[in-house]
Amino acid sequence: MSREILRLENIHKCYGSTEVLKGIDLSVHESEVVVLLGPSGTGKSTLLRCINMLTVPDKGHVWVNGKDLTDPKININHAREHMGMVFQEFNLFAHLSAIDNVAVGLVKVQGMKKSAALERAKFELEKVGLSDKADLYPGQLSGGQKQRVAIARALAMSPDVMLFDEPTSALDPELIGEVLEVMQKLAQDGMTMVCVTHEMHFAKKVANRAIFMEGGVIVEEGSPAEFFDQPKTDRARQFLGKFDSQFE
Amino acid sequence: MSYFDFFISSIPALLRGTVITLEMSAISLLIGLLVGVPLAFARVYGGKVFRTISLVYSEILRDTPVLVQLFVVYYGLPEFGIVFSPLVAGCLTLGLNSAAYQIEYFRGAILSVGNGQMMAARALGMSQTKAILVIILPQVLRLVIPTWSNEAISMIKNTSVCYLIAVPELMTQAKILIARYYNTIETYSTVAIYYLVIIGVMTIIFSLIERKLRIPTMTIESAKK
């Protein structure tokens, strides 16, 4: 089996008196595409944010490339450089053009020269099919274009793993396809990915492993073929039943 | 002496006053900026201690009259051996007072940029300080211009309280002119015109800056999204 990129051990997280994550274990290997599925409010996004410590778990360990990110001595900024994150709400930097959005991390975090960074940013924008929009500002782009810029911004940092937090949930239905297409290509190119998504079709087609979460625990885990066609638990069956229309 | 003759002969004195008024305003606004911006970020992104310091500072200085503050600094502090010249006392008081208002203006702008971009910057590997400097502040400075220009306008007018501690600014010059010519209404009307022109020109300059720095479709509304 290929190299382990990511390992979560017994992750717990409380918000006030509500326990959102109740002991999650997860291991992701190189070039694996893992989808996190489940009803809203079951801790999927929180779990994703624990991976790059945007949310700090109350208990448990997060290993990325063998480094324990929950170790208080670790430089978390340095660790995050190697993890790309794509948000539901895009979160593009509003005062920077598309190309500068992609280049800013290279210049300000990796210390690359501006000209080299712009060159690289151009290449990344080309990969997501937006080389003609390089000079437009986020406000001038459609939702799908914004999200593709956000993906390019994350990819420019040459991440070891990409984290997607419901990347298509804020998009109009006709714009979802272009983003999923980019993600699928990314998966085919061997990127390690962890995606929180409600796009079951995409999950079934692209993922290597589906993880079904509910109530802060992993209820069921398996290959997409197993999970989508023969779910083992009633909860998963009920959940998938709600998405039947997506498969018709 | 006709009004016209008075107007001409008052020009040197009133211009001197105008220069002092502008200098004081610029220095005080700068002090306000240097104190207010860090405290605004402290209020939004700081821990409990910094948030409280920022809040208490802003409440105390906004909830007491600037004239009282000025007298405390100019007449009160010497009792503790701290003596300032009128000009320094004036700039310090107006600057620290302005900081309290600027905290609120900047805080509003910071909040309207929203937390999403901060998270995205952190996810890229920026430290919080770097994210503030590279991502948040450039947007905040643009968003704050319309409200901040109000602060600049108020400042020009507020410097007139310094006449009470004999800073030779516009109002003080007016008082001197009245003592010489005994023409209260002409002098005060003329000084009002000076203030009007100064602030009118400033308003135009601010709207030009705002337009120059504007980023297509980046407004407070779109920043919220």
Side-chain angles (χ1 to χ4, degrees), chain A residues 45 48-49 51-56 75-98 100-111 135-141 143 146-147 149-150 153-159 161-165 170, chain B residues 37 40-41 44-48 105-148 206 209-225:
Chain A
S45 291
L48 199 72
R49 272 150 209 238
I51 296 177
N52 66 359
M53 303 285 282
L54 280 181
T55 297
V56 180
N75 180 343
I76 191 65
N77 298 323
H78 195 69
R80 284 193 188 121
E81 275 181 51
H82 307 288
M83 289 182 273
M85 188 164 211
V86 175
F87 300 86
Q88 180 177 344
E89 298 289 346
F90 325 125
N91 294 342
L92 289 184
F93 306 133
H95 64 308
L96 299 177
S97 61
D100 284 334
N101 260 280
V102 181
V104 71
L106 295 170
V107 176
K108 300 292 180 183
V109 177
Q110 297 193 345
D135 296 323
L136 295 187
Y137 285 92
Q140 298 167 307
L141 299 170
K146 278 185 215 174
Q147 197 59 298
V149 172
R153 173 174 72 181
L155 287 177
M157 305 292 282
S158 315
V161 55
M162 285 282 286
L163 311 172
F164 291 89
D165 188 5
Chain B
V37 173
F41 278 101
V44 179
Y45 291 115
K48 206 168 181 177
Y105 294 143
F106 276 92
R107 185 174 74 103
I110 295 166
L111 289 176
S112 73
V113 171
N115 195 35
Q117 296 186 55
M118 179 51 119
M119 273 205 302
R122 298 305 306 272
L124 276 180
M126 291 188 198
S127 66
Q128 190 179 49
T129 312
K130 193 177 272 184
I132 286 174
L133 292 177
V134 175
I135 303 299
I136 310 294
L137 191 59
Q139 297 181 54
V140 164
L141 290 177
R142 289 178 171 92
L143 293 171
V144 88
I145 292 172
T147 40
W148 196 85
F206 275 117
I209 294 174
E210 195 183 338
R211 204 174 310 163
K212 175 99 180 124
L213 292 179
R214 186 159 53 202
I215 282 177
T217 68
M218 196 194 100
T219 60
I220 289 189
E221 274 314 304
S222 73
K224 268 184 194 150
K225 215 169 137 17

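Below, chain A is the first sequence line, B the second, and so on; all start at residue 1.
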Nearest heavy-atom neighbours spanning [X] and [Y]:
{"X": "B/Ala120", "Y": "A/Arg153", "answer": "CB-NH2, 3.4 Å"}
{"X": "A/Phe87", "Y": "B/Ala123", "answer": "CZ-CB, 4.1 Å"}
{"X": "B/Gln139", "Y": "A/Ala94", "answer": "OE1-CB, 3.5 Å"}

Any non-hydrogen side-chain atom of [X] less than 4.5 Å from a side-chain atom of [Y]?
{"X": "B/Arg122", "Y": "A/Asn77", "value": "yes"}
{"X": "A/His95", "Y": "B/Ile135", "value": "yes"}
{"X": "B/Met126", "Y": "A/Val104", "value": "yes"}

Answer with side chain, backbone, both or neither: which region of A/Arg49 has an atom nearer than 4.5 Å to a non-hydrogen atom of chain B?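 The side chain, not the backbone.
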Can you tell which part of A/Leu92 gets under 4.5 Å to a heavy atom of chain B, answering side chain, backbone, both or neither?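 When you check distances to chain B, only backbone atoms of A/Leu92 fall under 4.5 Å.
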Among the listed options A/Lys108, A/Gln110, A/Met157, the residue most often paired with chain B at heavy-atom distances under 4.5 Å: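 Most pairs with chain B among the choices: A/Lys108.
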With rounding to the nearest 0.5 Å, note down the distance linking CE in B/Met118 to CZ in A/Phe93.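 With rounding to 0.5 Å, CE (B/Met118) is 10.0 Å from CZ (A/Phe93).
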